[in-house]
Amino acid sequence: MAENDAGERSEEATPKREKEARDKGQVARSKELTTALLLITASISLYSFSTPIGKGFAASAVKAFSPERRHIFNEKFMLAALGDMMADVMIATAPFFILLFVLGGFSSLLTGGLSFSSKAFAPQANRMSPAKGFKRMFGMHALVELLKALAKVSVVFIVGFFVMLNVFPDLIGLGMGSVTAGIGKAMDIVAKSFFLISLSLLLIALIDVPYQIWNHAKQLKMTKQEVKDEYKETEGKPEVKGKIRQAQRELAQKRMMEAIPEADVVVTNPEHYSVALKYDVMRSSAPIVVAKGVDIIAMQIRKVAIANDVTILPMPPLARAIYHTTEIDQEVPHGLYLAVAQVLAYVFQMRSFSEGKGERPKPLKNITIPEEYKH
C-alpha cells in the first residue's frame, strides 16, 4: 500500500518543479486559442484594410488588363507588367500582413506567457523510442487532438454553410457592376465571412484552454516520494539550512541596527554587552529592547549609537540582566522596571540639560538589580 502511494502522482507540483518545467519550455499552451484569436484579429484587420487593399487590387487589375496595343506582343513588357502588378499587390497588402505577424506573436503569449528555452530544441531520447511513439499516436492526448480536429471541422463547416447561404445573393451580383466596385464589394464579403467563421473557433478554444491548463498541471504532478526527495535536496541539506539561518540572522541584525538611532539609551557592560532601549508611551506601557548583542555585535551597537548621538551608559549589571531576560521588540520584565526607569529619567534630564531647559542631573548610583535577574 505504501509503495502504491509513493508511486501515484497525487501531489501538486512544487515551485521548483514548475520552474524546471518552464526552463525546459514546458508551459500550458492552447493552439486553439492562438488560432482563433489570430484568425479573428486577421479578419478584423482585413476588414480595416479592405478599402486600400481593394483599391490596390482594382488599380492593379485595370492596369494589367488595359495595355496599349504596341505592348501586347512585347514579351519584355509583359514580364515587367507582371512584376509591377506583384509589387502593387505586395504594397497594398503589406500593412495587413505586418499586423497579422505582430498579432500572431502576441496571441501565443496569452496562455503560458513568454517562455524560451534552448533545452526544447535539444534531442530527447524518449522521442526516438518506437514504443513511446506508438503510445503518443494512440494515447489519450492523440484521442483528444482527434476529437478537437473533428469538432473544428464540424463547427467551421456548419457556420461556413450558413454564412455562404447568407452572402450568396451578393456573390451573384458582383458581376453586375464595375471592376472597382466589384472588387471592393468582394473584399467586404470576404472580410465579414472570414470574421464569422473565425468567431466560431472560439467555441473550441473556450473548451481547450481549461483543458490545457488542467492537463499541464496533471503532467507536472509529483509522487509523495518525489516531494520528499526534493525537500531533502533543498531545504533538508545542512548547507542550505545554514545559508538560510545566516540570511535570517543578517536580516534581523540589519533591522536591529536600523532601530538603534531611534533608541533613548544604550546600556552597556563596556567590554561585552550592549542593550538599546526605547520608551514610547503610544506603543507600550514599558520600555522596549530594540537591539542587543555581545562582543562584536555589542561594539557595533555602540558605534551606531555614537554616530547618531544616542546616550551610552556603562551599567554592567543592568546590561547583563536585560540581555539575558528580554528579547528584541519585547518589554523589559516587571522586576527591572525601577532600574530602567531610573536610567531613562537620568537620560531625559541630561537631554533637557543639554538643551538648556533644566539643571544637570546627579550621576546615577546604587541602582538595585533584583537577585533573580543577576547574571
Side-chain angles (χ1 to χ4, degrees), residues 21-22 24-50 53-54 93 95-117 120-121 124 126-127 130 132-172 174 185-221:
R22 179 171 285 273
K24 295 177 181 178
Q26 299 174 2
V27 293
R29 297 282 190 200
S30 174
K31 293 185 293 185
E32 311 309 326
L33 178 63
T34 301
T35 303
L37 292 180
L38 181 59
L39 292 177
I40 291 171
T41 51
S43 63
I44 295 174
S45 302
L46 181 61
Y47 186 78
S48 302
F49 291 109
S50 61
I53 291 176
T93 57
F96 167 70
F97 284 110
I98 291 173
L99 182 60
L100 194 63
F101 177 78
V102 175
L103 293 173
F106 175 75
S107 61
S108 64
L109 302 179
L110 293 180
T111 53
L114 179 62
S115 176
F116 177 80
S117 173
F121 295 98
Q124 300 179 19
N126 61 345
R127 294 187 178 276
K132 292 188 176 182
F134 279 111
K135 185 178 180 180
R136 286 194 297 269
M137 290 172 60
F138 301 102
M140 180 59 67
H141 179 73
L143 177 61
V144 171
E145 292 298 322
L146 176 62
L147 293 176
K148 284 195 300 182
L150 292 174
K152 281 192 291 186
V153 170
S154 301
V155 170
V156 170
F157 176 79
I158 293 171
V159 174
F161 176 76
F162 286 104
V163 168
M164 288 301 297
L165 284 180
N166 184 54
V167 302
F168 187 75
D170 294 331
L171 290 175
I172 296 298
L174 287 178
K185 184 66 175 176
M187 289 294 298
D188 185 64
I189 293 173
V190 170
K192 289 181 179 178
S193 303
F194 186 18
F195 174 75
L196 292 174
I197 294 174
S198 301
L199 199 62
S200 66
L201 294 177
L202 275 181
L203 296 174
I204 308 300
L206 290 175
I207 299 174
D208 186 60
V209 170
Y211 169 76
Q212 293 296 340
I213 295 174
W214 170 82
N215 187 53
H216 179 68
K218 180 183 176 184
Q219 290 176 347
L220 293 184
K221 277 191 172 183

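Below, all heavy atoms of this structure are taken into account, side chains as well, without hydrogens, waters or symmetry copies.
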Can you list every side-chain hydrogen bond (donor to acceptor under 3.5 Å, both in side chains) pair that touches residues 151-160, not counting sequence neighbours?
E32-K152
Run the side-chain donor-acceptor check on residues 155-166: report pairs under 3.5 Å with partners two or more places apart or on a different chain.
none

Please, which pairs that meet salt bridge (Lys or Arg N to Asp or Glu O under 4.0 Å) have at least one residue in residues 189-214, sequence neighbours excluded?
K148-D208, D188-K192
Filter on salt bridge (Lys or Arg N to Asp or Glu O under 4.0 Å), then keep only pairs touching residues 40-50, sequence neighbours left out; what's left?
none
Distance check, rounded to the nearest 0.5 Å: F194 atom CZ versus I40 atom CD1?
9.5 Å
Which atoms form the tightest heavy-atom contact between A36 and A205, and what is the distance?
CB-CB, 4.4 Å
Contact summary for L39 and S198, nearest pair of heavy atoms
CB-OG, 3.3 Å
Residues that I207 engages under side-chain contact (heavy atoms from CB on, under 4.5 Å), provided they are two or more places apart
none
Does some side-chain heavy atom of L199 sit less than 4.5 Å from a side-chain heavy atom of L202?
yes
